[in-house]
Undergrad: 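Here it is, the structure in full.
Owing to the predicted nature of the structure, the values given are computational and were not obtained by experimental measurement. In what follows, every heavy atom counts, from backbone to side chain, and hydrogens, waters and symmetry copies are set aside.
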Amino acid sequence: MTGPLVPFREIVLKVHSRCDLACDHCYIYEHADQSWRTRPKTISDEAVSWAARRLAEHASAHALDSMSVILHGGEPLLAGPARLRRVCEELSAALNGIAELDLRIHTNGVQLSPRYLDLFDEFGVRVGISLDGDRTANDRHRRFADGRTSHPLVLRAVELLRQERYRHLDLGLLCTIDIENDPHAVLDALVGLEPPLIDFLLPHATWDEPPPRPDGSETAYADWLLKVYDRWQERGCPVPVRLFSSVLSTLSGGPSLTESLGLAPTDLVVVETDGQLEQVDSLKSAYDGAAATGFNVFSHSFDDVAAHPGVRARQLGLAGVSETCRRCPVVRSCGGGLYTHRYRSANDFDNPSVYCRDLEALVRGIETRAPVHPAVADGAELLDAQQDLTRTLLAGLHADLDGRGGARWDEAWDLAGALEASEEGAAGLDHVLAHPYTRTWLLEALGGLRADRPGAVDEALRLPDYLAAAAVRSGLGLSVRADYRDGRLHLPTLGELRVGREGEHGTVGLRPAGDGFVVRRDDGGGEWRVLDGVDSPGWSPVRSLGQDGTPRFALDDVDPYRDCFGAPALPRLGRAAAEEWEAGLAEAWELLVREAPAHAAAAAGSLTTLTPLAAGQHEERPHGYGTVGLTWTDDAKQLALELLGGFRRTTLRALLDVTDLHASDGTWTYRPRWREEAVPFSRLLAETHERVALSALDPCFMDGIEEALGMMGSAAEPTVGGRHFIAALKAEVKETRDKWAE
C-alpha cells in the first residue's frame, strides 16, 4: 500500500483491563479475542511514561496542533484516582508546548464520584458515560455479575455530571442498540437526562457471528433507528445524536462525524495496559488477535503502527471498501460500515458490513425525511439566498479590510447604513447588490485582499460607486460622492460617464436634478447633467431591452466586471447594433414562449442582465445570479437556445453557490451518449440540466437524457438536494417527451 502515512490524532489508553460490570454484549470480554486475561489489571508507570513520550514524539513529528487521548478499559475508574492522576500528569507534561491535549474518559459510571470529577476538572478530562436507555433497556445487558442492576448507580453518575460545577466535563451518553428495547422509551430516557450528545452504537457483529434479528428482518436495526429518528424530530431534535448528524452531514455533502460511518481514514491507535500497541478495539470481536500489531510503546513509535498493513487498509477511503460498496449509491454516507462489521473468515474484511441492508435503509430513510434547501425548488428562494450571499460577501470585505480602506471606505459604509434606514434606500441598495457583476467585483476584491495582491485595497474602494448608484436609484435626493478611474465614472446598473482624460483619477459629487442627476468633479474640472436612460455627450447608459410581450432586460455593455464569461465581452454597442439586438431578442423570446412556456416564465422571473459577447475563448469568472452572455446571431432559434442554455447555466451556478448538490466529485466518472469521453458527476449534472431545457426547443437534445438521469439517480455523489434536483429534471423530461409525442 502506497501513499503518505496518516498520523494518529486519537489515542485510546487502557488504564485498567478489568470491569466491575458483566455486560453480555461487551466486545472485550464476551467476543472472540480473550487477550485481556493475560494483561496486567492496571497500566504500569513505565508504560504510562513511554506512552506519553510516544505521544509527544508523534505530535512533534507531524506538527499536530492537538491530540486526543481517551482513557479506557475495561473500566478505567477501577485504576483509582492516584493512578489516573499520574496518567494525566505524564500526558500533560509530555505535550506541554508541543500540542493541545484533549483528555477524555469513557466509563460505565458506576464508580464515578466527586473525588474523580474534581481530578478531571483539574486536568480538563471530559467524561462519556455508557447508558442503554431506561431501566428496562439498560438492565437487559448492563448488570453486575450477580445479576444486580447498575441503572441507579449510572443515573447517579449522570446527575453528578449535570451539576453546574461539572457540566463542562460532560461528553454525553453512549447507547448500544438492542432492537428488543422500545426505541421511543430509550430516546426519551436519554433525552430526559439532557446530555450534550447521544451516541447510538450498533452491537459488534461479523458475518461469522451476525447480530440477533428476532423477526428475521434484514433492516431491523434501521427500522428501530428510524423510529428513534422520527421521535427525535417530533421532539425538535433536543439533543445532538451523532449517528443522525453524521448521516445528515454526508447527505448534504459534508464529512462523516463518526468512525462507524463514512470514508474518512482511521486515525486511532490503542495502548493496552501492558504497553502493547493495537488497532481499533472493536476488532477484538472479529477473531482472536485481530487487533494485534506486534508493536509496543517501549520499542516502537506510533508511526510504526501507522505503517501496519491492517491500519493502512483502513486509511484507503473508497479504495478500502469492497467492490460491492464502491458501486453502492449510499457509500458516501455509510462508508461500508464499521471495519470490524465487514469481517468474514472466508475473505477477511473484503465485504460489505453485516449491517449492510440496515445502513442502506437508514440512509435512505433519513434522506426521505431530510430537509432540502428551499432554493432547490423555489426561484424566489434562490433570489433571496443569492442576495443574502452578496450581503455576506460585502460584510466579509468590510471585515477583511480591517481599517485599510481609510476615511473613504468609512464614508461609504456610513452611506450604506443611511440607505438601509429607509424603504426606498434599501430598495435601491438591493437593486445594485443584486446586479450579477457586483458579485464579480466582491469576489475579485476579497480574493485580492486575501492573496495580498497589489491594488487590492483600491479595488475594494469601488464601494462608493456602487452606493452612489444605489442612492440615485433610491430617489431620496441624497448628495453623494463617487470615484472616477481613467477618466471614467462607472455607476453599476446605471451607466458610464466620461469625466476626464484617460489616466486621470479623482472624485465627483452627485446630486439629484429633476429626471436625472448632476455630476461635478471635486477639482472643478467639469459638470455634467445626466438624464435617466438617455444618451448624452459622454454618458453611456445601461440600455433596457424589451418590446411588447418581451421582459425588460438590462443590456449591460459597460460594466467593468462583465468580462467574466467563456467568451470576451463586446465593447459598447452603437445605437443601430443595440436596436438589432432588441429586435432579435424579441423574436427569440416569442419562440421561447411558444415552445417552452415554463422555461420562459422561469427566465422572465430571474434573468435581469444580458451582455453581448464576441467570438473566441476567455477566462470564466464567477458572477451573480440573473445574467447571460450572448453571442449575436440573426437565427432566432439559435439565439433562443443560447438564451435558454445561458439561463440554465446561471441558475445551476447560483444553486451551487448556496447549497451542495453533490460531493466527492471526480471519484467516479460517467460517459453520457453525447460525449466521447467520460466526465465527472458535476459535468454530467450541468450538461444534463442544460440539455433537458434545450430539448423543449429541439428534440435532438433528448438523445441520451434519460440514460444520463438514470446514471445520476444511481450515483453516490448527489446530496439530498441533488436528488430532489434530479427528480425535478426527470419530471421536466416527462413533460417534454409528452409534448413531442403529440
Undergrad: So does Arg521 pair up with Glu527, basic N to acidic O under 4.0 Å?
TA: no
Undergrad: Do the rings of Tyr670 and Phe681 sit parallel, tilted or perpendicular, given the 30° and 60° boundaries?
TA: perpendicular
Undergrad: Determine the minimum heavy-atom distance between Leu419 and Ala470, stating which atoms define it.
TA: CD1-CB, 3.9 Å
Undergrad: So, are Arg501 and Asp486 salt-bridged, with charged N and O less than 4.0 Å apart?
TA: no
Undergrad: Which pair of heavy atoms, one from Ser714 and one from Pro329, lies closest together, and at what distance?
TA: O-CB, 3.6 Å
Undergrad: Side chains of Val457 and Leu401: does their closest heavy-atom pair fall under 4.5 Å?
TA: yes
Undergrad: Quick one: are Leu684 and Arg671 in side-chain contact, heavy atoms under 4.5 Å?
TA: no
Undergrad: Is a donor from one side chain sitting under 3.5 angstrom from an acceptor on the other, for Arg552 and Ser544?
TA: yes
Undergrad: Please determine whether salt bridge (charged side-chain N to carboxylate O under 4.0 Å, His left out) holds for the pair Glu706 and Lys730, giving the CA-CA distance in whole Å, both sets of side-chain angles, and the decisive distance to 0.1 Å.
TA: CA-CA 8 Å; Glu706 287 171 310; Lys730 290 179 178 179; over 6 Å; no
Undergrad: Could you go through Arg675 and Glu687, starting from their C-alpha distance and side-chain angles, then the distance that decides it, and tell me whether this counts as salt bridge (charged side-chain N to carboxylate O under 4.0 Å, His left out)?
TA: CA-CA 10 Å; Arg675 279 196 164 273; Glu687 292 182 359; 2.7 Å; yes
Undergrad: Is there a side-chain contact between Leu555 and Pro612 in this structure, where contact means two heavy atoms from C-beta onward sitting under 4.5 Å apart?
TA: yes
Undergrad: Does a salt bridge link Glu620 with Arg653, judged by any charged N lying under 4.0 Å from a carboxylate O?
TA: yes
Undergrad: Which residues pass the side chain to side chain contact (heavy atoms under 4.5 Å, CB included) test with Pro436, sequence neighbours left out?
TA: Thr608, Thr609, Thr627
Undergrad: With the threshold set at 4.0 Å, does a side-chain nitrogen-carboxylate oxygen contact exist between Asp703 and Arg673?
TA: yes
Undergrad: Arg621 and Tyr437: side-chain donor and acceptor closer than 3.5 Å?
TA: no
Undergrad: ring-ring contact (aromatic ring centres under 6.0 Å, His included), that's the test. Do His490 and Tyr484 meet it? Break it down for me.
TA: CA-CA 7 Å; His490 177 67; Tyr484 62 91; over 10 Å; no
Undergrad: Hey, are Asp400 and Arg450 close enough for a salt bridge, meaning a charged N less than 4.0 Å from a carboxylate O?
TA: yes
Undergrad: Closest heavy-atom contact between Pro718 and Arg723?
TA: CB-CG, 3.8 Å
Undergrad: Could you give me the CA-CA distance, side-chain angles and deciding distance for Arg649 and Glu690, then say whether salt bridge (charged side-chain N to carboxylate O under 4.0 Å, His left out) is met?
TA: CA-CA 7 Å; Arg649 290 191 296 274; Glu690 186 172 341; 2.8 Å; yes
Undergrad: Flag yes if more than 12 heavy atoms outside Glu590 fall under 6.0 Å of its CD atom; otherwise flag no.
TA: no
Undergrad: Check Glu642 with Arg648, please: is the shortest side-chain N to carboxylate O separation under 4.0 Å?
TA: no
Undergrad: Side chains of Trp632 and Leu573: closer than 4.5 Å at any heavy-atom pair?
TA: no
Undergrad: Are the charged groups of Asp698 and Lys637 less than 4.0 angstrom apart, N to O?
TA: yes
Undergrad: Are any non-hydrogen side-chain atoms of Arg326 and Leu318 less than 4.5 angstrom apart?
TA: yes
Undergrad: Is it true that Phe517 and Trp528 have ring centroids separated by less than 6.0 Å?
TA: no
Undergrad: Taking the side chain as C-beta and beyond, is there a heavy-atom pair between Met702 and Val733 under 4.5 Å?
TA: yes
Undergrad: Could you give me the CA-CA distance, side-chain angles and deciding distance for Ser606 and Tyr625, then say whether side-chain hydrogen bond (donor to acceptor under 3.5 Å, both in side chains) is met?
TA: CA-CA 8 Å; Ser606 305; Tyr625 187 35; 3.2 Å; yes
Undergrad: Ion pair present between Lys734 and Asp738, side-chain N to carboxylate O less than 4.0 angstrom?
TA: yes
Undergrad: Is it true that His623 and Tyr561 have ring centroids separated by less than 6.0 Å?
TA: no
Undergrad: Quick one: do Thr250 and Arg332 satisfy side-chain hydrogen bond (donor to acceptor under 3.5 Å, both in side chains)? Show the steps, please.
TA: CA-CA 7 Å; Thr250 53; Arg332 275 196 312 104; 5.5 Å; no
Undergrad: Whether Glu424 and Arg473 form a salt bridge (side-chain N of Lys/Arg under 4.0 Å from carboxylate O of Asp/Glu) is what I want to check.
TA: no
Undergrad: Could you work out, with side chain to side chain donor-acceptor pair (under 3.5 Å) as the rule, every residue matching Asp660, not counting sequence neighbours?
TA: none
Undergrad: Regarding Asp430 and Arg391, does a basic nitrogen lie under 4.0 Å from an acidic carboxylate oxygen?
TA: yes
Undergrad: Using a strict 4.0 Å threshold on nitrogen-to-oxygen distance, state whether Asp557 and Arg572 make a salt bridge.
TA: yes
Undergrad: Quick one: is the NZ or CZ of Arg691 closer than 6.0 Å to the six-membered ring centre of Trp674, and within 45° of its axis?
TA: yes
Undergrad: Only one of Leu494, Thr493, Val558, Asp559 forms a side chain to side chain contact (heavy atoms under 4.5 Å, CB included) with Val542, so which one is it?
TA: Val558
Undergrad: Provide the closest heavy-atom pair for Pro371 versus Val720 in the form atom of the first, atom of the second, distance.
TA: O-CG1, 4.2 Å
Undergrad: Check Ser479 against Pro512 and note the closest heavy-atom contact, atom names and distance.
TA: OG-CD, 4.3 Å
Undergrad: Would Thr438 and Tyr466 count as having a side-chain donor-acceptor pair, cut-off 3.5 Å?
TA: no
